[in-house]
Structure formats: structure tokens, C-alpha cells
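This report concerns only the one structure given below.
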Amino acid sequence: MLKPIIFACLFAIGHLLCHAQPSSSTPLSKEVAPPAYTWRGCMIDVSRHFFPISFLKRQVDILASYRINRLHLHLTDAAGWRFEMKGYPQLTQRAAWRTQSDWGRWWEAGDRQYVDEGTPGAYGGYYTVAELQDLVAYAAERGIVIVPEVEFPGHSEEVTAVLPQLKCEGNTGAQGEVCPSAPDTYRFIDDVLAEVARIFPSDYIHIGGDEAAKEHWRNCPRCQKMANDLGLSSTDLLQDHIVRYAMRRVASLGRRPIGWDDALCDSLPAGTAIMIWRSPEMAQKALDKGYDVIYSPLQHCYLDYVQDAPQTQPLSFGGYLPLDKVWAMQPPKGVMGVQGNLWTEFIETPEHAEMMLYPRIMAIAEVGLKGKARGSFKSFRKRALQEVARLQSLGYSPFDLKNEAGHRPESLHRIKHKARGAKVTYNKPYSETYTAGGASALVDGLQGDWVHTDGRWQGFMTDSCLDITIDLGSVKTVRSVSMSFLQSEEAYIFEPKTISFSTSVDGKHFTLLSERKITRTAPKGIYVPRQKSFIHPLSWNNYAKKMRYIRVQGSATGVGHWIFADELIVR
Ligand code: ACM
Ligand code: ZN
């Protein structure tokens, strides 16, 4: 999930500090019991934004003090190829440089554009082999293995931009997934994995495997023929074919492969590890297939998510992951390890990256060391507060935990109001994915937290959208009706374009009480948030109006956009 000019001076400061050793009073350093999990990892995405070796060493110092033992580097992605690759100079001369530092604007601009190194305004960078070898040795001295990740077959726009022979037949535009039927694809995979194995002594090599769009494969005559020849029912299944190929290649180099959970399929090499990201449930599926599992579900381990009320935090991609939610993770029995993942689409500076890492990665480290025996969140939070102070004294920029705003206050208590337990008729259905518990969700007294995935927000999709009628059971005197709406752009969730409340005493004749139009327009580039998430409470207040039925209707801002509501509060 990404930057250089302002970095120059910030990195200079970072460099001066990078040899500062953590003080021996690290809360974790007293831990002597054998670790609960053998893999205690931290992933840093250096593709979306390039972070120099000095920054990485500085983090190694702290991660080592938490007994994190793996630093996974996401080295390749559309936003930039990040290491010197023998035989493929175009990967570092061009695919490592993009037209602007702002990842969101660059991404929204359409066809991903790369420029030659040295072009005025070019943003990016890459590590030389010597730099990586130096980092590997530095980390090893501190008990940390650098685990390299190169992405196949998806997240590869930068590769196909400079190696068009890896695109599907006939495609002259951008392509995010390498073509599985292009012979050069396999030569490329072989060459890259051999070079990665030469640079990194890591026992594991990560081959990515996530989020391949596959759309070009469907229209590619060569891919269609290949799927046919292999007896596959769809070109989509070429994903498994290419993942198996890359993983077997890793195994043939004497290393163990890792793939994101999208790579999960049968017949992967013995010793394969699956890195869970989409849901905790994926872990059991991978365990059931006999693979090792590294537990890093976005619900507990995605450190790019804001850790405090979104309005108090920098713009980010995705949800809300406060420290207590990291701590609350429950890795299933049998997993090999846990890992925190720092995607950097919206993280441009070392300070921001450190703020997102600390202290949440400390919680992940403690889960990794102590498992179920980790004690209470309350006692951990006290140690985390001390650790934040220690990091600040060392010149790091952790999140200021002591001034945390915390969960949405309204979400902390079940409230009483006149519609609690009322019968709700859905004139149009709610989403089967975001049910918030079903037909009582909007009158159960529970309001949502800052994020749509918390099980309290009920979702309504464009075509049906929001249309409910509630029955209070008898005619009641009502003074106010209110409902809150969540906006979270990257999830296509917007406050409604229009919202109306109507009331009735008999359930047949309704009188419009209030209609609002929201004038804010949804941005076009909906993959890329431009506004922070927020919650808009809408209410109608009046004095002593009699009603039994209340109908609420909302329309969406656009095709494919959601409305999310948590509670219809009637007083
Ligand atoms: C991922 O977040 N696509 C692994
Ligand atoms: Zn193809």
C-alpha cells in the first residue's frame, strides 16, 4: 500500500540518530521464557514510498529490542521496483522512478507513468546490492532476518512497463499482472528469484501472490490456450499455476516460499508459509491444507490504518486499528507466527512511518513472545506509555499514546431511546456482508466506532439503498429523530446524497418531516481517499410530534457507492 525532496533533510537527521542504541530499559528486554511463536515479524512497504537503508537500520535497532526476529521488505510493487537486479537495468533506471511523490495523485492519473532516473522531478529510489548486504548483516547482528518479497503475478505494473514482453498478447496499455503464458515471464521469475536468493540469506523468500486482477488474462488468446491446454476451467486459475511455479523455484533454491493468502492452493512445496491478511478465518484454511501460517490479518495487524479517531490523524488508507485492537488478536492454534504490516501509500516521511509503527508493533511483538499469557491490556498500555517516552527520548516519533482520543464515544455505551427494539421493515434490503447483526441493528442501542468493519454499521448498496420503516408499537410523542452516516472513501462509503424522514400514525399516510441534500460530492478517484473518514450525524428536532411509524430513505452519491448507518435514534 509510498516519496524524496523533503526527505533529504529529514533523513539527514535520521542518519545522525540511526546509530543511537536503545537503552537497556526496554520493557521487553527482561523477557526470558521461550517465545510463543517462532516468527515475530514486521513488514515495511518500501515500494509505495522509498525509505533509505539508514531508516531501516534505525527501525532494526528498536525492533530487535522487542525481539522481533523478521523484517519483511515489500520490495516491488506498481509504485516502484526497489532493488538492483542483475541483467535488468531498466528496473532500476526506470521502474524505480515515478512522475510524482504523491502516490494517490500518481495512481489516480491513470496509466501508471514511470520516468528515467535523473529526470527532473522523478521520485523514487532503489537499494544497491551492497546496501542490502550491509542491511542484512546489520540486522543479523541484532537477531533479525531480512525477508525479501517480490510480487508475482500481480502488483507488477512497474515490471510490465519496462518489460512489455511480460504483458498479455495484444495489450499495449498498462498491465498489473504479468502474463502467465508469456515464456519470458518464467525466465524473469527464475532470474529474479536467483538474484534475491544471492542477495538475501533468508530461509524464506516471499513471492507475493495477492490481488492479481487477472482481467488481461481473460482477453489474451495465448492465456486462453494455456488454460485450455492445462485443463483449467478458467484463465483465472493461471494464478495458481504461476504461484506454484514461483514457489517451486524458491524451493529449488533451497529456501522456503511464502505467499499472501490469495496464493493459497493445493500442491505448494513442503514448508510453504501462507501470510494471512484478508481475514482471521483464512488462517484455518491454510492450516487445514498443511501449510505453515503467519498471522497478520488486517483486522489486527495493518499498521497503515489510523490508530486514533480519524479526524485527529493524517489521511490514511483503510480502517481504524487502535492499540487495544492489536493487543486483542487471537492467533489460531498452530500458527507459526504473527506480523505487523506497514503499507505506505499514504506514509511519506520517516516520522509518519515511525508514528504508525510505534507502539503498535510492540503489541505484536508481545503477542509473538507471550501468546495467550500476555496479560491484560491495561498493564501492557502502561508499558507502552513508558516505551513511547523512551522512543521520544531517543529521537523517534512514536504515536503520542498518552493523548489518544480513543474510540468514538458514542460507541462505548448501549443507549436507550424510543425506537429501541422497534420492528424494522426493510423496504429495500441491507447488505448481506455488512449486516451489523441483522434486522434489529438500527434499533439495538449500539452505535458504530470509527470504522465500517466493526460489526455495528449496516451497509446499503446503490441499487437498493436505504429505505426502512420502523414501527414504534403505538403512537408516541417524539421530539427528535437522528441517524449517523459514516464516510470512508477508499471503501466507497459516502454519506447519503439525500436523506428524508417521514412519519405516520397509521402506517399508510406519511408526512415528510425533513429532507436533506448533502452538497459535498464524492470524488472521482474512489480508490484513493482524499478526505479523512468521518461520521455525519443528521437529525430532525422539533417539539412533541405524534407518530407511530417513521420511514427513512437515503440515496447514494453514485453507482457502486455505499451508505452505512448504525442506529435510528428516536427521543
Ligand atoms: C495485501 O494487503 N494486499 C497483502
Ligand atoms: Zn496473457
Side-chain angles (χ1 to χ4, degrees), residues 1-2 41-45 47-48 72-79 107 147 149-157 159-160 163-186 188 206-230 232 234-239 241-243 245 258-264 273-280 282-283 286 293-305 316-319 321 339-347 453 490-491 527:
M1 295 200 216
L2 337 172
C42 174
M43 187 281 281
I44 301 182
D45 167 7
S47 173
R48 271 56 174 266
H72 160 185
L73 297 182
H74 184 74
L75 286 165
T76 71
D77 212 304
W107 186 263
V147 179
E149 180 191 354
V150 281
E151 280 270 15
F152 308 111
H155 287 275
S156 294
E157 282 90 342
V159 171
T160 60
L163 298 169
Q165 65 273 33
L166 306 191
K167 288 189 202 172
C168 280
E169 207 171 38
N171 181 25
T172 52
Q175 183 165 331
E177 61 280 33
V178 292
C179 174
S181 64
D184 283 345
T185 292
Y186 297 91
F188 180 69
H206 198 312
I207 61 93
D210 61 316
E211 297 186 305
K214 310 178 184 94
E215 65 191 70
H216 295 96
W217 304 351
R218 290 176 204 136
N219 301 321
C220 171
R222 200 177 49 204
C223 281
Q224 288 162 2
K225 179 173 183 320
M226 182 180 197
N228 205 36
D229 292 350
L230 291 169
L232 303 175
S234 143
T235 51
D236 285 10
L237 295 174
L238 293 170
Q239 151 90 8
H241 177 80
I242 205 162
V243 159
Y245 181 91
I258 311 179
W260 294 108
D261 61 37
D262 325 46
L264 182 60
I274 299 295
M275 193 167 267
I276 302 305
W277 74 278
R278 289 179 294 180
S279 72
M282 288 302 296
V293 166
I294 301 160
Y295 191 71
S296 59
L298 58 87
Q299 291 80 358
H300 296 285
C301 299
Y302 266 36
L303 306 180
D304 53 327
Y305 291 175
S316 91
F317 219 145
L321 182 63
Q339 179 166 297
N341 294 330
L342 184 66
W343 301 103
T344 60
E345 281 94 339
F346 291 88
I347 299 174
T453 49
E490 82 291 347
Y527 283 109

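As the structure lists them, so they are numbered: ligands from 1, and atoms in each ligand from 1. Not measured: the values here are computed from a predicted model.
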Task: Contact atoms of ligand 1, heavy-atom distance to Tyr302 under 4.0 Å - done: 1 (C), 2 (O), 4 (C)
Open item on the list: Tell me whether Trp260 has any N or O atom under 3.5 angstrom from an N or O of ligand 1.
Closed with: no
Open item on the list: Nearest 10°: the angle subtended at the Zn ion (ligand 2) by Cys223 SG and Cys220 SG?
Closed with: 100°
TODO: Dump the intermediate steps for side chain to side chain contact (heavy atoms under 4.5 Å, CB included) on His74 and Glu151, then the final yes or no.
DONE: CA-CA 8 Å; His74 184 74; Glu151 280 270 15; 3.2 Å; yes
Task: Salt-bridge contact Asp261-Arg278 (side-chain N to carboxylate O under 4.0 Å) - done: yes
TODO: For ligand 1, find out whether one of its N or O atoms is nearer than 3.5 Å to an N or O atom of Asp210.
DONE: yes
- [ ] Before signing off on this row, confirm whether Trp277 and ligand 1 have an N or O atom pair separated by under 3.5 Å.
- [x] no
Task: Flag side-chain contact, heavy atom, 4.5 Å: Glu211 against Asp262 - done: yes
Task: Gln299 and Ser279, any side-chain heavy atoms less than 4.5 Å apart - done: yes
Task: Any side-chain heavy-atom pair of Phe317 and Trp343 under 4.5 Å - done: no
TODO: Using a cut-off of strictly less than 2.8 Å, determine whether Cys179 has an N/O/S atom near the Zn ion (ligand 2).
DONE: yes
